[in-house]
Amino acid sequence: MQALTLSAMSSPDWLRNSVGYEVYIRSFADGDGDGVGDLTGLRDRLEYLAWLGVDLVWVTPFFPSPMADHGYDVADYADIDPLFGNLDEFDRLIARAHELGLKVAVDIVPNHTSSAHPWFRAAFTDPESRYRAYYLWRDPAPGGGPPNNWISHFGGPAWTFEPRSGQYYCHLFLPEQPDLNWRNPDVREEFERILEFWFRRDTDAIRIDVAHALIKDEQFRDNRQVSDPAGLIEPRERFRCFDHVHDLCRPEVLDIYRSWHKIAERYDAALIGETYVREASELSNLVTDDGLHVGFWFAPMSMPWKPEAVREMLEAPHRAIGSQVGWVQSSHDERRPVARFSGGDIGRRRSLGFCLMLMGMPGTPFLYQGEELGLDDARIPMKLRHDPVARRNRGSLGRDVCRSPMPWDDKPNLGFSTAATTWLPQVYRYDESVAAQRKNPKAHLHKVRGLVNLRRTLSNLGDTVRFADDLPDGVVAFYRDDHFFALNVNETLTELDLSGLRVIHRTISDSVARPVLEPDEALVAVRS
């Protein structure tokens, strides 16, 4: 049995033991009937989130944008796109959330802007503009072509040629998303003002998009190729063919978050990083007592359902940053866990069992909208897909599978919108909706709500986690103070010695005293 203990984090008191919930704003709730989710629709549904028991609501970007990447291409960081509402509506959202005891996180996108942002327009049209240095421009390689071998997350090279100046600009995502030059102190000052703007509007937390990638190698050296991308369809698979030591996870990025930490501290606010890292150990370069308060751990979203993998997904990030882990098994960028874990009822059981384990670990677990309903991937015809990943890469599944509108009730579009056509089709059934599941005490929604409520009862537990090694094969388990958490990753019924323990929660069986674990079942017990 191995004990893992790290020092307590320097963070707002309210963040400890909180449960977060991601709202993909376009698909959550449409308040004005145009077929796209918005701030009014979200405000009208906040009571549901309070009933579910979550503490922090993270809202994806709602800033003015051409929507090349559905809001992650920002044209103005200090306003609201009319598609989603306005600043007055944002203030009403914050006020209502606080009335219900909910915190709100705004999603800031600092790695890149939209190509329509005034900074980039000035930089593009005038090489002598002061804004030219806000972005990353390079001359062509000696033989012509892009300056190095960096590639985009969305497919193709990470460089686009600008013929008037004869230079390339860098973009780790779409050409419409030019990367900012974070070695320029003017860029840092701009974003410190942006943080102050949203904190002054009573925002409780900032979720930082692409938090690990703001700083690039000063010499713009090639990344080492580790495998052959030929024949790979998914851009993510091609991206993994390189060792991204020069365009991602540069150690200098921590200095940015140390500065932001001081700003957030004045407002009792939290910094939550989208930290896509290769190894859990790399989280400690970003998430520190004076840096990011929380760093997301995304590896579970590509986790095989095998005991050694499940244990590693829990143990490695906790070993790296202790109670500062942001635990997730789904998001707006990945297939839903039900689909990944074999689909249907099997997928729901596995997702629920893993959710219990995440709720038991120190840190901040997050649910993604619809995860609490046990939703499977949405089947959307190619001609109706919007995701630029799928549209740019023929044969790619893309991300629309996890972005179809939320099913609420038995009204048109299952209550998401009164519009005749929604931005993505509503593909779910009434029996999967919030209203139907709230009426059924055995529905997946009530099971997840039970886990959120269970989390509250664990609020006094310490941050020491001891993983158990003396258990039947296929069972992953750990102790936290006097509580015992176990998950059966086997496909068969597995006996478990529960002597000296009193089971307080199970994800499948109704018999708390039964000394076995069903396939994919998880339980919590306390020393009696």
Side-chain angles (χ1 to χ4, degrees), residues 4 18-22 24 54 58 207 211-212 234 236-237 240 272-284 286-287 294-343 346-372 374-377 397 399 401-402 444 447-448 451-452 455 465 467 474-478 480 485-490 507 520-522:
L4 301 175
S18 290
V19 175
Y21 186 98
E22 180 192 353
Y24 188 69
V54 300
W58 151 32
R207 184 265 189 185
H212 56 295
E234 292 292 344
R236 181 168 299 173
E237 295 177 356
R240 290 171 181 159
I272 301 168
E274 184 201 23
T275 46
Y276 263 107
V277 296
R278 297 161 296 184
E279 303 292 338
S281 59
E282 293 177 299
L283 290 169
S284 61
L286 299 160
V287 186
V294 170
F296 280 122
W297 174 236
F298 292 105
M301 293 192 286
S302 58
M303 176 185 75
W305 193 250
K306 296 181 179 180
E308 60 274 13
V310 172
R311 173 165 171 166
E312 179 67 11
M313 292 303 102
L314 299 171
E315 190 171 2
H318 181 72
R319 186 190 301 115
I321 57 172
S323 58
Q324 294 180 264
V325 182
W327 299 103
V328 291
Q329 64 171 325
S330 63
S331 80
H332 67 280
D333 285 328
E334 303 285 349
R335 298 186 65 198
R336 290 192 174 273
V338 171
R340 298 197 316 269
F341 294 150
S342 294
I346 293 175
R348 274 181 277 276
R349 288 199 304 269
R350 291 177 175 177
S351 175
L352 189 69
F354 190 62
C355 183
L356 182 146
M357 302 297 276
L358 299 185
M359 293 291 178
M361 291 291 292
T364 308
F366 279 77
L367 301 171
Y368 171 56
Q369 67 181 54
E371 181 181 332
E372 75 276 19
L375 298 181
D376 209 326
D377 278 355
L397 185 65
R399 300 169 295 175
V401 293
C402 60
H444 196 83
K447 294 175 182 178
V448 173
L451 295 183
V452 175
R455 173 79 177 185
V465 174
F467 281 86
V475 175
V476 178
F478 61 86
R480 191 174 164 201
F485 301 81
L487 169 64
N488 182 16
V489 192
N490 292 308
T507 57
D520 309 320
E521 183 177 30

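All of these numbers come straight from a predicted model, not from anything done at the bench.
- Of the inter-residue distances, the one linking Trp327 atom CH2 with Leu367 atom CG reads 14.5 Å to the nearest 0.5 angstrom.
- Put simply, the side chain of Val54 does not reach to within 4.5 Å of the side chain of Glu372, judged on heavy atoms.
- Using a 4.5 Å heavy-atom threshold, the side chains of Trp297 and Met313 count as touching.
- To the nearest 0.5 angstrom, Glu274 atom CD is 4.0 Å from Arg207 atom CZ.
- In this structure the side chain of Val476 reaches within 4.5 angstrom of the side chain of Val489, judged on heavy atoms.
- Taking the side chain to side chain contact (heavy atoms under 4.5 Å, CB included) definition, one finds that Glu237 meets it with Leu232, Glu234, sequence neighbours left out.
- Between Leu314 and Leu358, some side-chain heavy-atom pair lies under the 4.5 Å cut-off.
- The CH2 atom of Trp305 sits 6.5 Å away from the CZ atom of Arg350 when rounded to the nearest 0.5 Å.
- Put simply, OG on Ser281 and CD1 on Ile321 are 11.0 Å apart, with the number rounded to the nearest 0.5 Å.
- No side-chain N or O of Tyr368 forms a donor-acceptor pair with one of Glu334 less than 3.5 Å apart.
- The aromatic rings of Phe478 and Phe467 sit tilted, their planes meeting at an angle between 30° and 60°.
- Side-chain contact between Val448 and Leu352 is present, with at least one heavy-atom pair separated by less than 4.5 Å.
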Open item on the list: Evaluate Arg335 against Leu397 for side-chain contact (heavy atoms from CB on, under 4.5 Å), listing each step before the verdict.
Closed with: CA-CA 9 Å; Arg335 298 186 65 198; Leu397 185 65; 3.6 Å; yes
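- Thr275 places none of its side-chain heavy atoms less than 4.5 Å from the side chain of Glu282.
- To the nearest 0.5 Å, atoms CZ (Arg340) and CG (Asp376) are separated by 11.0 Å.
- Put simply, CD1 on Ile346 and CG on Asp520 are 7.0 Å apart, with the number rounded to the nearest 0.5 Å.
- Ring geometry for Tyr276 against Phe298 counts as parallel: the plane angle stays under 30°, on a 0 to 90° scale with 60° as the upper cut.
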- [ ] Begin with the C-alpha distance, continue with both residues' side-chain angles, and end with the deciding distance and a verdict on side-chain contact (heavy atoms from CB on, under 4.5 Å) for Arg349 and Thr507.
- [x] CA-CA 8 Å; Arg349 288 199 304 269; Thr507 57; over 6 Å; no
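- Proximity of Phe354 to Pro300: side-chain heavy atoms (C-beta onward) are separated by under 4.5 Å at one or more points.
- At a threshold of 4.5 Å between non-hydrogen side-chain atoms, the residues Ile272 and Thr364 do not count as touching.
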